[in-house]
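Lettering follows sequence order; numbering is per chain, from 1. Both backbone and side-chain heavy atoms feed into the values below; hydrogens, waters and symmetry mates do not.
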Protein chains: 2
Amino acid sequence: MVGDNGATRGGLDDGTHPTKDGKKATIRDVANWAKVSLGTVSNVLNDPDRVAAATRNRVLDAIEATGFIRNIAARQLRGGGSKAIGIVILDSSNPFFTEMIRGAEDALRPEGYLLIACSTDGNEERETNYLRHLEEHQVEGVLITPSDDNLGQIIEFHDRGTPVVLVDRESNSGELCSVTVDDVKGGSIAVTHLIEEGHRKIVFINGPSSIRQCRDRRAGVDVAIRTLKNNSNTDKIEIVDIGVPALSIAAGEDIANSLLDIDPSITAIMCANDLLAIGVMRGITRSGSDLLSRIALVGYDDITFSSLVSPPLTSVRQPQYDLGHAAAKLLLEELADATHRHREIRFTPDLVVRESSCKHSIQS
Amino acid sequence: MVGDNGATRGGLDDGTHPTKDGKKATIRDVANWAKVSLGTVSNVLNDPDRVAAATRNRVLDAIEATGFIRNIAARQLRGGGSKAIGIVILDSSNPFFTEMIRGAEDALRPEGYLLIACSTDGNEERETNYLRHLEEHQVEGVLITPSDDNLGQIIEFHDRGTPVVLVDRESNSGELCSVTVDDVKGGSIAVTHLIEEGHRKIVFINGPSSIRQCRDRRAGVDVAIRTLKNNSNTDKIEIVDIGVPALSIAAGEDIANSLLDIDPSITAIMCANDLLAIGVMRGITRSGSDLLSRIALVGYDDITFSSLVSPPLTSVRQPQYDLGHAAAKLLLEELADATHRHREIRFTPDLVVRESSCKHSIQS
DNA sequence: ATATGTTTTTGAAACGTTTCAATAAATGAA
DNA sequence: TTCATTTATTGAAACGTTTCAAAAACATAT
């Protein structure tokens, strides 16, 4: 039938060669091989029910015979999506972010999306650069932990047409979806634990106040103290703030020396994240000091290795994998529904108590 | 001048609107705004010296006024590259791989490439799937740590036109570039250290022999023993092999219990990687046993956290960042030079001695 | 055999950008 | 002013795929 059609056409001297000159097979090669039109091959690929079974099988045979691999760029140009999602993180050596990527990847893989990973290291110019490249690639969406408090460029990026989900960062006015952890609560439960252990003078080692997570965790400390004052006759509690330029192992190590001669009435240290706490631990251990045996230490994040350090670190557990997974799900939702309403998913952290904070005996 | 040309043409009623209906500006919008041809805009973007300064500035102004963002898919379709590189790794929660990605990203970023990250978790089917998706996207190259010993599908993938660099894996017949570490040597120096510390009966906990790194590291043990026998009157050295199904913390923990009642003449344990060693450490610590204070332990990789565990782990240091960085450089080299000759870059590991292996006193 | 309704297939055009032969414009020398 | 050479700009066509109106093919009833 279709063979007759081809004969009726005559002059079809493109022949039935699958590929020429080792070039990759295109949809035209498949069509020639199966003696159907380009549109029929496209229908077999994208809307198979619209094609008669016999034709469909012939096309599928042709696809196999020619070794056809579809060209996403061509589809994209004609109006299809890129099947790629960008994920922009702050630091690829922080297990917090790599777990998060893992969660996102596991959500996106079954949907056939590829994940383009970009590390900004907190550098806004690099973030700008990455966003531009992602836009040229017309990624279908972006999951991003912002490098700066000011969301201006990210909102503009979104307004130019690319869906965005903020990760571990809320949207100020609900113009973007976001997935967050209640860091105020995280700060509260950490310091509450220390206070219940009897600590009354606590150091809080914090990163830059431009980072909202740092601010929230510190604010949670104040909330907890206020709550405890209202509820009981707790002794006066004092927080001593120390600032570091970055939330890294190195920054923690750098500050460790200044902790060695610390006021003896200080009996506990709370760090804004685990890398900082681990760095403090490492710096103190390296100095040969026994400070760690008399001072309680609490981190934040509960990264995989926090239970492995010495002493095992008490830490506020963040659902890192769930953050990434939920963010990706939210993005898929926004892509699937043009009437999608932006929302925030907020996770509640919990405290994992280990040796670093509860082997101490405080004499009141 | 050019304005006159436009007037001469007449009938150009496309007008000078930057965008219509909120759509993204295309090269046509820029051309209309600047009153030049599409080709001139393209020349300004790609070959600016070919355009007169006055014209060039007008086009640049138009690009800014219209908010033009280039469309990579269109360029790709016309024959340009995708400016994307795939990186296929085994396990995104192993810091070995995340450091490697970091190295690759740092090499590729300045060249304007985006990095598509794919985790196979050692699953060959997932590797197949990812390679197919990467091929549809026409990535300019792929860095890959294979999930299987058999490189068949990767070689076919490469033969279909996408440059490939193997990472931490050599190419059997030099048909692919590769970046490796001499794991035979790594195994040798690790066991040599133990033997020089006086150990004569040593457990080697290894992963699946289908993984070439596992085989090489174990082979390095034999090389070292043979060398020592030839060079001195060393006592008889015995290696006790234990196999585990995966190179993970969990696999290490699972095997820890069977180590508790181990033959007392065994004084040292060598693990095929750090995660395994850390898992063993964790399992033994959890059981409350003091085995770690009488047995030496050596890992392999020297991931970031190995120095932080208790006791700090002696480990063969792999240049993870350098592996990724060198692999990316090799790929860029292959992309830049059609006459490129495939080669292997081989790094030599070194041993980082820490507390886990050298605080023991062996009575001969 | 003809008319009608349904299913299947076709193929022109679109998508945004690059490329390069042809054309136009500019420059310098006689 | 004319001519030759150099520089700058143009625009048609290509790239691979999808889309949808039109045409063709098929099935059924009269």
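In this structure, A/L143 and A/A327 approach most closely via the heavy-atom pair CD2-O, 3.6 Å. What you find for B/Y130 and A/R109 is that their closest heavy atoms are OH-NE, 3.0 Å.
The shortest distance between the side-chain N/O atoms of A/S37 and the OP1/OP2 oxygens of C/dG11 is not below 4.0 Å.
Under the salt bridge (charged side-chain N to carboxylate O under 4.0 Å, His left out) criterion, A/R102 pairs with B/D91, B/D121, sequence neighbours left out.
Of the charged side-chain nitrogens involved, none lies within less than 4.0 Å of a carboxylate oxygen, so that A/K329 and A/E333 do not count as a salt-bridged pair.
Annotation: the span from A/N123 atom CG to A/L90 atom CG amounts to 11.0 Å, rounded to 0.5 Å. Distance check: B/S147 OG to B/I154 CD1 gives 6.5 Å after rounding to the nearest 0.5 Å.
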- Note on the structure: Per-nucleotide protein contact along nucleotides 14-21 of chain C, 5' to 3', at a 4.0 Å heavy-atom cut-off (B base, S sugar-phosphate only, - neither), is BBBBBB--
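Over its length, the helix from C/dA1-D/dT30 to C/dA30-D/dT1 turns its helix axis by 50°, as judged from the five terminal pairs at each end, rounded to 10°.
Not a single donor-acceptor pair under 3.5 Å links the side chain of A/H342 to the backbone N or O of A/E334.
Of the residues listed (A/E127, A/E125, A/H133), the one engaging A/N129 in a side chain to side chain contact (heavy atoms under 4.5 Å, CB included) is A/H133, and it is the only one.
If you measure from atom CG of B/D47 to atom P of D/dT10, you get 15 Å, rounded to the nearest angstrom.
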